[in-house]
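Here is the structure we will look at, set down as structure tokens.
All values below were derived from every heavy atom in this structure, side-chain atoms included, with hydrogens, water molecules and symmetry-related copies excluded.
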Amino acid sequence: MIHKLVKELEANRNLENAIPMEKYMKDHFTFLGIKTPERKKITNQFFKDTGIIKEAFDRDFILQLWAMDEREYQYIALDYIDKMLRKINVEDLALFEELIVTKSWWDTVDMLAQKPVGKIASIDSRVISDTIDSWSVHDNLWLIRTAILFQLKYKEKTNEDILYTYIIRNAESKEFFIQKAIGWALREYSKINPTSVRYFIENTKLAKLSIREGSKYL
């Protein structure tokens with residue numbers, strides 16, 4: 001089934017587009033050079049023709065896409081995951097952990113943190129203490145970023161204690177992507193509870209980047 005998708009994408013390969021796309025991603029990944037609107041058009045047609053999104057959640061399909069060289073294939077995997085969110089369950093957390101630590105960069109990790117990981121944690125909060133808590137002190141920076149960001153869409157349902165605990169654990173990190181994640185998480189929560197966030201920022205030693213990002217709406 002994936003061969004049909006590959007054939008269509010290869011037919012739309014665009015070297016002229018690929019070069020700046022690769023530069024934007026710091027040359028971490030190769031690209032087919034297919035921009036988002038065109039990619040989504042191709043992908044949606046593939047989903048429609050195959051009926052794959054009407055079937056059970058296909059982990060092998062995702063892993064096949066993740067193994068492909070060009071970054072667009074990982075984006076298509078994310079598109080598929082997004083459409084299948086209602087069908088994922090707690091048992092899928094190990095898959096998403098594997099995706100987070102493989103071919104890692106913000107363009108895949110941030111979606112995985114907010115959507116499938118966030119969804120699973122909302123289904124069964126035990127995964128927070130069982131798994132996500134250990135991510136917050138992990139050697140892998142992308143798992144740390146995920147732990148900080150998994151509640152990003154929770155709004156009023158945000159567990160403030162968990163959010164602040166994970167931030168404090170990483171407040172002294174020199175890693176840009178951790179400092180940025182802390183600021184982003186605080187900024188989003190400030191839309192719901194600005195008083196709490198203001199107090200937290202004023203009474204917690206944070207990186208300047210985290211403070212700047214977290215204070216934007218205060």
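- Rounding to the nearest 0.5 Å gives a distance of 11.0 Å between CG of Leu209 and CD of Glu175.
- Gln151 places a side-chain heavy atom less than 4.5 Å from the side chain of Asn159.
- By the criterion of side-chain heavy atoms lying less than 4.5 angstrom apart, applied directly or through intervening Ile, Leu, Val, Met, Phe, Trp or Tyr residues, Phe150 is not grouped with Val137; the two fall into different hydrophobic clusters.
- Minimum heavy-atom separation, Ile34 to Met21: O-CE, 3.5 Å.
- Between the Tyr154 side chain and the Gly118 main chain, a donor and an acceptor come within less than 3.5 Å of each other.
- The distance from the CG atom of Leu63 to the CD atom of Glu98 is 5.5 Å, given to the nearest 0.5 Å.
- Judged purely by atom type and a 3.5 angstrom limit, Ser134 uses its side chain to pair as donor or acceptor with the backbone of Thr131.
- Residue Glu160 qualifies as enclosed at atom CD: its count of foreign heavy atoms under 6.0 Å is above 12.
- Leu32 and Ile19 are not part of a single hydrophobic cluster, where members link through side-chain heavy atoms under 4.5 Å apart.
- Within 6.0 Å of NZ in Lys153 there are 12 or fewer heavy atoms belonging to other residues, nucleotides or ligands.
- Of the inter-residue distances, the one linking Lys115 atom NZ with Leu85 atom CG reads 6.5 Å to the nearest 0.5 angstrom.
- Between the Asn17 side chain and the Lys35 main chain, no donor and acceptor come within less than 3.5 Å of each other.
- Formation of a donor-acceptor pair under 3.5 Å by the Gln114 side chain with backbone atoms of Asp110 is found in this model.
- If you chain together hydrophobic residues whose side chains sit under 4.5 Å apart, Phe176 and Tyr24 fall into the same group.
- In this structure, Glu213 pairs ionically with Arg187, as a charged nitrogen and a carboxylate oxygen lie closer than 4.0 Å.
- By the 4.0 Å N-to-carboxylate-O rule, Glu10 lies close enough to Arg13 to be salt-bridged with it.
- Atoms CG and CG, from Asp60 and Leu65 in turn, are 11.0 Å apart once rounded to the nearest 0.5 Å.
- In plain terms, the two heavy atoms of Gln179 and Ser173 that are nearest each other are NE2-O, 2.9 Å.
- Here the CZ-CD1 distance, from Arg59 to Ile81, works out to 11.0 Å after rounding to the nearest 0.5 Å.
- Within the 4.5 Å cutoff, the side chain of Met84 has no heavy atoms near those of the Ile52 side chain.
- What you find for Glu16 and Asn14 is that their closest heavy atoms are N-OD1, 3.0 Å.
- A donor-acceptor contact shorter than 3.5 Å is absent between the side chain of Ser210 and the backbone of Leu206.
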Might you work through the side chain to side chain donor-acceptor pair (under 3.5 Å) test for Gln45 and Asp49, ending with a clear yes or no? CA-CA 6 Å; Gln45 189 63 50; Asp49 291 345; 2.9 Å; yes

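- Linking ILVMFWY residues whenever their side-chain heavy atoms come closer than 4.5 Å, directly or via other members, places Leu218 and Tyr189 in the same cluster.
- Side chains of Trp135 and Ile144 form no contact here, defined as non-hydrogen atoms less than 4.5 Å apart.
- What you find for Ser136 and Asn170 is that their closest heavy atoms are O-ND2, 3.0 Å.
- Judged by distance alone, with hydrogens and angles left aside, the side-chain atoms of Ser215 form no donor-acceptor pair with the main-chain N or O of Arg212 at under 3.5 Å.
- Judged purely by atom type and a 3.5 angstrom limit, Lys87 uses its side chain to pair as donor or acceptor with the backbone of Glu55.
- Looking at Ile132 and Leu143, their side chains never come closer than 4.5 Å, going by heavy atoms from C-beta outward.
- Closest of all the heavy-atom pairs between Leu78 and Thr108 is CD1-CA, 3.8 Å.
- Using a 4.5 Å cut-off between side-chain heavy atoms of Ile, Leu, Val, Met, Phe, Trp and Tyr, with links allowed through other members, Ile62 and Val90 fall into the same hydrophobic cluster.
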Test Ile178 against Ile182 for side chain to side chain contact (heavy atoms under 4.5 Å, CB included), laying out the working first. CA-CA 6 Å; Ile178 301 304; Ile182 289 171; 4.2 Å; yes

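- Under the ring pair (Phe, Tyr, Trp, His ring centres under 6.0 Å) test applied with Trp105, the options Phe177, Phe29, Tyr75 reduce to a single match, Phe177.
- Here the side chains of Pro116 and Met111 are in contact, with some heavy-atom distance below 4.5 Å.
- Within the 4.5 Å cutoff, no side-chain heavy atoms of Asn89 are placed close to those of Ile123.
- From Glu38, atom CD reaches atom OG1 of Thr43 across 9.5 Å, with rounding to the nearest 0.5 Å.
- Between Ile211 and Leu186 the shortest side-chain heavy-atom distance does not fall below 4.5 Å.
- Ser196 places no side-chain N or O within donor-acceptor distance of the main-chain N or O of Asn193, the cut-off being under 3.5 Å.
- Note: Tyr80 and Phe47 have tilted aromatic rings, judged against thresholds of 30 and 60 degrees for the angle between ring planes.
- Side-chain contact between Ile76 and Arg39: present, with at least one pair of heavy atoms (C-beta onward) separated by less than 4.5 Å.
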Take Asp92 and Phe57 through the side chain to side chain contact (heavy atoms under 4.5 Å, CB included) test and state the conclusion after the steps. CA-CA 10 Å; Asp92 295 314; Phe57 186 55; 3.8 Å; yes

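- Heavy atoms only, all atoms of each residue included: Ile128 and Ala121 are closest at CG1-CB, 4.1 Å.
- With sequence neighbours excluded, no residue satisfies ring pair (Phe, Tyr, Trp, His ring centres under 6.0 Å) with His138.
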Would Phe31 and Glu22 satisfy side chain to side chain contact (heavy atoms under 4.5 Å, CB included), going step by step from the backbone distance to the final call? CA-CA 6 Å; Phe31 279 79; Glu22 290 168 5; 3.5 Å; yes

Step-by-step side chain to side chain contact (heavy atoms under 4.5 Å, CB included) determination, Asn44 to Asp79: CA-CA 9 Å; Asn44 288 334; Asp79 291 340; over 6 Å; no

For the pair Asp133 and Arg169, evaluate salt bridge (Lys or Arg N to Asp or Glu O under 4.0 Å) and give the outcome as yes or no after the intermediate values. CA-CA 11 Å; Asp133 190 71; Arg169 287 177 181 176; 2.9 Å; yes

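- Without hydrogens or angle criteria, Asp124 side chain to Ile120 main chain gives no donor-acceptor distance under 3.5 Å.
- In Lys83, the NZ atom is not crowded: 12 or fewer heavy atoms of neighbouring residues, nucleotides or ligands sit closer than 6.0 Å.
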